[in-house]
Amino acid sequence: MTTLFDSFKVGDLVLKNRLVMAPLTRMRSTQPGNVPNKLNAEYYAQRAGAGLIVAEATQISQQGQGYPGTPGIHSPEQVAGWKLVTEAVHRAGGVIFLQLWHVGRISHSSHQPGRQAPVAPSAIRPSGKAFTADWQMADFETPRALELKEISSLLADYVTAAKNAKLAGFDGVEIHGANGYLLDQFLQTGSNQRTDKYGGSIENRTRLLLEVVDAATAIWGKARVGVRLSPHGTFNDMSDSDPVALFSYVLGELGKRGVGYVHLIEPRSSNAGAGDGNIEGAPDNSKIFRGIFKGTLISAGGYTPETAKQAVASGAADAVAFGRLFISNPDLPRRIQSGAELNRYDRNTFYGGDAKGYTDYPALG
Ligand code: 8OZ
């Protein structure tokens with residue numbers, strides 16, 4: 001029977017256990033410039049006991065930013081900052097991928113070059129609140145629909161970011177295709193009403209994601225590229241007319257491409273971890289989609305150590321990602337393995353701030 005403490009493979013990489021640190025937005029980069037720093041390096045190195053760390057969502061361009069203080073991977077300073085992180089994690093024996101992110105319509109004009117409107121597949125305003133550049137909450141704005149001729153420069157931004165991630169010493173990249181950000185906005189009918197080759201049919205809506213995956217694969221090799229998806233997720237006002245058909249197609253295509261892994265978020269986890277408690281009766285993505293994607297599957301969202309053990313033992317997932325529990329337990333794998341008590345997390349220190357609630361959670365002695 002497979003346990004959380006058996007090694008697993010992502011392509012040629014052998015990972016020491018099946019506990020993945022989920023990508024976690026913490027909004028603690030150095031300002032101005034959204035540059036990763038020594039404190040960020042210490043935080044990640046503390047968590048190097050994970051089989052795989054997926055570093056926090058990181059904007060590929062200024063246009064891709066949607067929250068204050070999130071790091072980027074589009075300037076030389078950011079590459080140098082991330083090098084501090086990857087070197088610290090590698091010294092501590094860890095493996096770390098970078099999550100490449102463009103928020104699309106979830107941005108706010110205060111983050112945008114020239115204070116322009118955020119961009120999206122279609123000019124459909126999501127309901128809810130944006131997080132402005134000066135840390136205020138404001139209604140989402142109506143985005144501007146990307147023109148067809150802008151797609152090539154968007155892809156070029158992903159290419160630059162993927163190359164920069166390599167320069168910064170990461171072990172691979174994860175494409176953020178989840179949680180209602182740009183690539184997910186293209187996938188789903190609630191946010192994509194385009195009539196060109198990026199809208200309409202499932203194939204057309206999936207085109208941009210696959211072009212990004214292919215571009216990243218050309219730089220990294222297929223095994224070092226993972227993809228995160230959130231079928232049935234409603235965070236950031238998402239909806240699709242036929243999510244099972246859509247994501248079955250997406251997973252089939254990712255399977256053909258032989259990507260290193262797919263990282264599926266379970267919709268029971270309320271608001272992508274922005275709330276506590278699990279939603280009862282939500283669809284079970286790892287059950288629905290496991291048969292379609294034969295490659296390495298990481299499952300995330302609302303797991304306990306017990307349910308994670310079961311998921312790996314039953315083969316529902318190859319590995320399980322923890323977010324909130326990795327925030328408060330830098331040595332989470334060791335604690336789970338030894339049955340030690342877990343530190344509770346403090347939601348008040350999730351986003352922004354300093355070492356408090358970031359690098360000061362205690363490890364076992
Ligand atoms: C919570 C707060 C801010 C960002 C995601 C990157 O949902 C996020 C995120 C989550 O993937």
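Quick note: numbers below take in every heavy atom, side chains included, and nothing from hydrogens, waters or symmetry partners. Whatever order the structure lists them in is the order used to number ligands and atoms, beginning at 1.
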Self-check item: Sequence-distant partners of Asn348, side-chain contact (heavy atoms from CB on, under 4.5 Å), two or more places apart
Solution: Asp346
Self-check item: Salt bridge Arg144-Glu150, side-chain N to carboxylate O under 4.0 Å
Solution: yes
Quiz item: For Gln31, does the CD atom sit with more than 12 other heavy atoms under 6.0 Å from it, leaving out its own atoms?
Solution: yes
Quiz prompt | Nearest protein heavy atom with distance in Å, relative to atom 6 (C) of ligand 1 | solution = Thr25 OG1, 3.2 Å
Practice problem: Between Phe235 and ligand 1, find which residue part has any heavy-atom pair under 4.0 Å and reply side chain, backbone, both or neither. | Solution: side chain
Quiz item: Under a heavy-atom criterion of less than 4.0 Å, does Phe350 contact ligand 1?
Solution: no
Quiz item: Relative to the heavy atoms of Tyr351, which atoms of ligand 1 are at a distance of less than 4.0 Å?
Solution: 1 (C), 2 (C)
Could you pull out every donor-acceptor pair under 3.5 Å between side chains of residues 62-73 and any protein atom, sequence neighbours left out?
| unit_1 | atom_1 | unit_2 | atom_2 | d |
| --- | --- | --- | --- | --- |
| Gln62 | NE2 | Gln65 | OE1 | 3.0 |
| Gln62 | NE2 | His111 | O | 2.8 |
| Gln63 | OE1 | His102 | NE2 | 3.0 |
| Gln65 | OE1 | Asn34 | ND2 | 3.0 |
| Gln65 | NE2 | Tyr67 | O | 2.8 |
| Tyr67 | OH | Tyr181 | OH | 2.6 |
| Thr70 | OG1 | Gln59 | OE1 | 2.7 |
| Thr70 | OG1 | Tyr67 | O | 3.2 |

Quiz item: Does any N/O atom on Asn179 come nearer than 3.5 Å to any N/O atom on ligand 1?
Solution: yes
Quiz item: Any N or O on His176 sitting closer than 3.5 Å to an N or O of ligand 1?
Solution: yes
Self-check item: Atoms in ligand 1 with a heavy atom of Tyr181 nearer than 4.0 Å
Solution: 4 (C), 5 (C), 6 (C), 7 (O), 8 (C), 9 (C), 11 (O)
Quiz item: Would Gln112 and Ser107 count as having a side-chain donor-acceptor pair, cut-off 3.5 Å?
Solution: yes
Quiz item: Numbering the atoms of ligand 1 from 1, which are under 4.0 Å from a heavy atom of Trp101?
Solution: 6 (C)
Quiz item: Between Asp184 and Gln188, does any side-chain donor sit less than 3.5 Å from a side-chain acceptor?
Solution: yes
